[in-house]
Amino acid sequence: MLRSIAMPRDSKNWDLLLTDANVATMVEEGPAYGTIRDAALAISDGRIAWLGAAGELPEANITQTRSLEGRWITPALIDCHTHLVFGGNRAQEFEQRLQGASYEEIARAGGGIMSTVNATRAASAETLLKQTQARLQLLRAEGCATVEIKSGYGLNLDAELKILEVVRELARSADITIRSTFLGAHAIPIEFKNDSDGYIDLVCAEMLPAVHERGLADAVDAYCESIAFSTEQIARVFETAQARGLPVKLHADQLSDGGGAALAAEFSALSADHLEYTTGGGIDALANAGTVAVLLPGAFLTLGETQLPPIERLRDKGVPIAIATDCNPGTSPVCSLRTTMSLATSLFKLTPEECLAGVTRNAAAALGLDEDRGTLATGKRADLAVWDIDHPQVLSYWIGTNELSELYVGGQPL
Ligand code: NIG
Ligand code: FE
């Protein structure tokens, strides 16, 4: 409906007004889910221009008004930890694990991450692009408007650049936001089998600078584990990243307590991810540093892990908790953030509200994007998911359904 007649000169100009909505703003203060019932939300220049109870709507010039007929608006979802670009798959290894082989045993025998590295090195950029687009489409179809993608299956300069260039092409061509993370220190490549320090030298002296100079990464990640890299080695990578102004994040304490959380905190990392084996000191350090804990229930499930991340203590200390798919062919063949939310309730006993905060507000913080997105408030990007649901707890309840009705990215309906 067009209403542009005789408005006062200082009145607001809105491109779109969504009415008859229930809104879960996911702001931390106030009611559960930051709920506003019978709400309206106005968009102008891709941002939220006004949000509140319909009864309090101010006068405005409105180009278009749409009734949502009681549907719910939440912040568009954010998958803050994926390894979406990879060649091949590891279904055979999955079957080996079902028969009793452990993830570490397979990795030490040259399988695991290295088998995906071989397949990824062998794949063309075109193939990787096409396969990743299909996976990205699954995430987008269930309401993700921001997806982080890590490299880490190249492990030499050319192959890491190939992966990150695929990510850049996805970022250019996709209608959602892609964030790129350089994960050169993901595993020790075969060429450096007995010389992991030598590989870290290469990461710091050649790979990271080349990635940074080409503008191919928004952040730098590493894998801190006995089958990967030590805290000392990762500290070198993080120092190199920070000297170039790149924020860091860490795969920490997934299979053992290797001091990963404390290391992440020491470098004021955006996030420390996995955390199954993190203990007290690490949690305190995360809390003090304001580092987000990213929990990955898909990997916990797939690895048949029994050691739960320290949820209670993270909560007690006020560490923000995000959840993510960790989509990768080895430990988390999961391409659904909605399923991940459900897994986080059943495996980790997160509440449905914590799950939604984990894929909106806290996921935004894990990417350093919380100024801009992850909650709904005036001035934030209008990245909105509209759902055909009667309450947002439904989003962590069903497995395999898709109640997404519309996705707005930067104010534009997709
Ligand atoms: O997040 N932990 C290390 N990296 C991945 C697994 C990668 C793989 O097994 O291919 C993860 O679980
Ligand atoms: Fe991961």
Side-chain angles (χ1 to χ4, degrees), residues 12 14 16-58 68 70-80 143-146 177 270-271 287 290-295 314-324 337-338 341 344-345 350-387 389-396 404 406-411:
K12 301 155 180 61
W14 294 340
L16 177 64
L17 179 66
L18 301 172
T19 62
D20 307 306
N22 294 299
V23 180
T25 65
M26 297 315 289
V27 296
E28 216 170 344
E29 312 74 36
Y33 297 89
T35 296
I36 311 173
R37 296 240 175 212
D38 297 320
L41 186 153
I43 298 171
S44 180
D45 290 331
R47 303 212 160 244
I48 299 172
W50 190 86
L51 167 62
E56 293 162 20
L57 255 181
L68 294 184
R71 288 195 280 272
W72 280 79
I73 305 176
T74 70
L77 307 188
I78 298 171
D79 193 349
C80 67
C144 289
T146 305
T177 302
L270 289 172
S271 70
T291 295
V292 177
V294 179
L295 305 184
L314 291 169
R315 273 192 195 119
D316 285 352
K317 297 288 174 183
V319 179
I321 299 175
I323 57 176
L337 197 53
R338 284 287 308 283
M341 292 167 74
T345 60
L350 293 192
T351 66
E353 186 179 358
E354 286 173 321
C355 289
L356 189 55
V359 297
T360 55
R361 184 177 72 236
N362 296 337
L367 297 178
L369 296 175
D370 44 326
E371 290 277 298
D372 199 44
R373 65 193 78 186
T375 55
L376 302 180
T378 305
K380 296 248 174 174
R381 257 174 81 93
D383 281 7
L384 318 172
V386 179
W387 308 96
I389 54 176
D390 60 9
H391 191 280
Q393 68 198 171
V394 168
L395 298 175
S396 301
L404 185 74
E406 285 176 275
L407 182 63
Y408 289 83
V409 177

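Because the structure is a prediction, the values reported are computed rather than measured.
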Does a side-chain N-to-carboxylate-O contact under 4.0 Å join Glu354 and Arg315?
yes
Under a 4.0 Å N-O cut-off, is there an ion pair linking Asp45 with Arg381?
no
Exactly one candidate in Leu51, Val386, Leu68 meets side chain to side chain contact (heavy atoms under 4.5 Å, CB included) with Leu41; the answer is Leu51
Check for a donor-acceptor pair, side chain of [X] on one end and backbone N or O of [Y] on the other, with a separation under 3.5 Å.
X	Y	result
Asn362	Pro320	no
Arg47	Ala382	no
Asn22	Gly70	yes
Ser396	Gln393	no

Separation of [Y] [atom2] from [X] [atom1] (nearest 0.5 Å):
X	Y	atom1	atom2	answer
Met26	Thr35	CE	OG1	8.5 Å
Leu337	Cys80	CG	SG	8.5 Å
Leu77	Leu407	CG	CG	8.0 Å
Arg71	Ile389	CZ	CD1	11.0 Å
Leu314	Leu295	CG	CG	6.5 Å
Asp383	Thr177	CG	OG1	6.0 Å

Can you find a pair of side-chain heavy atoms, one from [X] and one from [Y], that are under 4.5 Å apart?
X	Y	result
Thr146	Leu367	yes
Tyr33	Pro352	yes
Trp387	Thr74	yes
Leu376	Val23	yes
Leu17	Leu57	yes
Arg361	Asp370	no
Ile48	Leu384	yes

Kindly indicate, with the supporting measurements, whether the criterion side-chain hydrogen bond (donor to acceptor under 3.5 Å, both in side chains) is fulfilled by Lys380 and Thr375.
CA-CA 8 Å; Lys380 296 248 174 174; Thr375 55; 3.1 Å; yes
Residues forming a ring-ring contact (aromatic ring centres under 6.0 Å, His included) with Tyr408, sequence neighbours excluded:
none
Identify the heavy atoms of [X] and [Y] that sit nearest to each other, and give their distance.
X	Y	result
Ala76	Thr360	O-CG2, 4.1 Å
Ala24	Pro75	O-CD, 3.2 Å
Leu270	Ala366	CB-O, 3.4 Å
Val292	Ala365	CG2-CB, 3.7 Å

Kindly indicate, with the supporting measurements, whether the criterion side-chain contact (heavy atoms from CB on, under 4.5 Å) is fulfilled by Leu404 and Arg338.
CA-CA 11 Å; Leu404 185 74; Arg338 284 287 308 283; over 6 Å; no
Crowding at CG, Asp38 (>12 non-hydrogen neighbours, <6.0 Å)
no
Determine, step by step, whether Thr25 and Ile36 satisfy the side-chain contact (heavy atoms from CB on, under 4.5 Å) criterion, reporting the C-alpha distance in whole Å, the side-chain angles of both residues, the deciding distance to 0.1 Å, and the verdict.
CA-CA 8 Å; Thr25 65; Ile36 311 173; 3.9 Å; yes
Derivation and outcome, side-chain contact (heavy atoms from CB on, under 4.5 Å), residues Ile323 and Cys355:
CA-CA 7 Å; Ile323 57 176; Cys355 289; 4.1 Å; yes
Across all chains, not counting sequence neighbours, the salt bridge (charged side-chain N to carboxylate O under 4.0 Å, His left out) partners of Asp390 are none
